[in-house]
Amino acid sequence: MILFFIFLFGLIIGSFLNAVIYRLEVGGSLVTERSRCPLCGGTLSWYELIPLLSFLFQKGRCLSCGEKISWQYPIVELLTGFLFLLTAFLKEGSLLDMTPVDIIYIFIVMTFLVLIFIFDGKHYIIPNVAIYPLIAMSFFYNIYSLGITGLYYFLGAFIASGFFLLLYLISSGKWIGMGDVKYGAFMGFFLPWTNVLVALFIAYVIGAIFGLALLYLRKKGLKSEIPFGPFLIIGTLIAYFFGTDILSWYLGGVFSF
């Protein structure tokens, strides 16, 4: 039952993220402005804001103008819900031992990662309003939970962010953006440095496969830009959930020869 409520909570957060993404795109206040249809500008009623269900009952169309609602809205809600559910399911044993601060921290991180995933995928930009709080929050969380030994995570931040900064400087920003450099700092504070290496490897492998698939389908050319943030996030999540197991499997295979 608790997993169901966590999934439901994720849907609600996903609905809020859609509003945040829209405000980042067009400007405006989340506090003083009512939610509106991005097509006709009509104010949305409460029953048009129920996560996932409103989209289904309205058959994917605005009640005011009848235009199709972007699939981004249910996708973001479902993505956030399933990510929250996955976090609770895979970390169920450790969640029971976590303090409220630990639980709030990990779900806030997951929320920001969904925001960056969608926004960078659409606009090729990792927004500072998302990445700076992630960096600061992860840094102070390590100090809070580990004390002075939390500074150990600076090693991972230096590895990831320094690697991306080097690529940025060598290519004059053509290979990678400054947003990825900043994201590298977050990775280092969020993951142990060994898992940072796992995350980077996975991100580049998945990114390469995706890029080759786009080339094969002629959706992109050799000089086309592809946002790297979503692949970094996928790598980060896999390393967070399975990084230790992946390293054990890999090192076990290497040293078994």
Less than 3.5 Å apart, which donor and acceptor atoms pair up between the side chains of residues 176-191 and the rest of the protein, not counting sequence neighbours?
residue, atom, partner, partner atom, Å
Asp180, OD2, Gly177, N, 3.3
Lys182, NZ, Asn128, OD1, 2.8
Lys182, NZ, Tyr132, OH, 3.3
Tyr183, OH, Thr236, OG1, 2.9

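Counting only distance, with no hydrogens or angles, the side chain of Glu77 and the backbone of Leu52 share a donor-acceptor pair below 3.5 Å.
A side-chain donor from one of Trp193 and Tyr152 sits under 3.5 Å from a side-chain acceptor of the other. With no hydrogens or angles considered, no side-chain donor-acceptor pair links Ser138 and Tyr153 at under 3.5 Å.
Once rounded to the nearest 0.5 Å, the distance linking CD1 of Ile116 with CD1 of Ile131 reads 4.0 Å. To the nearest 0.5 Å, atoms CD1 (Ile75) and OG (Ser70) are separated by 7.5 Å. Rounded to the nearest 0.5 Å, atoms CG (Leu79) and CE (Met110) are 11.5 Å apart. Residue Ser15 holds its OG atom at 11.0 Å from CG of Leu53, rounded to the nearest 0.5 Å. Between the CG atom of Asn195 and the CZ atom of Phe201 there is a distance of 14.0 Å, given to the nearest 0.5 Å. Remark: Phe16 CZ to Asn18 CG distance equals 11.0 Å, nearest 0.5 Å.
For Pro51 against Ile12, the heavy-atom pair with the smallest separation is CG-CA, 3.9 Å. Between Ala130 and Pro133, the closest heavy-atom pair is O-CD, 3.4 Å. Closest non-hydrogen pair, Ala203 versus Phe228, comes out as O-CE1, 3.8 Å. Residues Ile233 and Leu113 share a closest heavy-atom pair of CD1-O, 3.3 Å. Counting all heavy atoms, side chain and backbone alike, Ile21 lies closest to Gln72 at CG2-NE2, 3.9 Å. A pairwise comparison of heavy atoms in Ile202 and Gly235 identifies CG2-CA, 3.9 Å as the closest pair.
Around atom CZ of Phe210, no more than 12 heavy atoms belonging to other residues, nucleotides or ligands sit under 6.0 Å away. Heavy atoms from other residues, nucleotides or ligands lying under 6.0 Å from OH of Tyr204 number more than 12. Annotation: Tyr124, atom OH; neighbour count of heavy atoms from other residues, nucleotides and ligands within 6.0 Å is above 12.
Side-chain contact between Thr87 and Phe241: present, with at least one pair of heavy atoms (C-beta onward) separated by less than 4.5 Å. Within the 4.5 Å cutoff, the side chain of Phe84 has no heavy atoms near those of the Val114 side chain. Side-chain contact check for Leu86 versus Leu237: every heavy-atom pair is 4.5 Å or farther apart. The shortest distance between side-chain heavy atoms of Ile6 and Phe107 falls below 4.5 Å. Ile118 has its side chain out of reach of Leu17: every pair of non-hydrogen atoms, C-beta onward, lies at least 4.5 Å apart. Contact of the Leu78 side chain with the Phe7 side chain is registered, since non-hydrogen atoms from C-beta on lie closer than 4.5 Å. For the pair Tyr141/Asp102, a side-chain contact is recorded, criterion being any heavy-atom separation below 4.5 Å from C-beta on. Put simply, the side chain of Leu232 does not reach to within 4.5 Å of the side chain of Asp120, judged on heavy atoms.
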Is there a side-chain contact (heavy atoms from CB on, under 4.5 Å) between Phe242 and Val198? Walk through the geometry before answering.
CA-CA 9 Å; Phe242 309 109; Val198 174; over 6 Å; no
Can Phe55 and Tyr73 be said to form a ring pair (Phe, Tyr, Trp, His ring centres under 6.0 Å), step by step?
CA-CA 8 Å; Phe55 184 86; Tyr73 291 89; 8.3 Å; no
Take Val76 and Leu115 through the side-chain contact (heavy atoms from CB on, under 4.5 Å) test and state the conclusion after the steps.
CA-CA 9 Å; Val76 169; Leu115 171 60; over 6 Å; no
I'd like to know whether Phe164 forms a side-chain contact (heavy atoms from CB on, under 4.5 Å) with Leu169, so could you lay out the CA-CA distance, the side-chain angles of the two residues, the decisive distance to 0.1 Å, and finally the verdict.
CA-CA 9 Å; Phe164 288 142; Leu169 294 175; over 6 Å; no
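Leu165 and Phe158 sit in two unconnected hydrophobic clusters of ILVMFWY residues. Membership requires side-chain heavy atoms under 4.5 Å apart, directly or through other members.
None of Leu83, Ile234, Ile126 except one satisfies the side-chain contact (heavy atoms from CB on, under 4.5 Å) rule with Phe117; the exception is Ile234.
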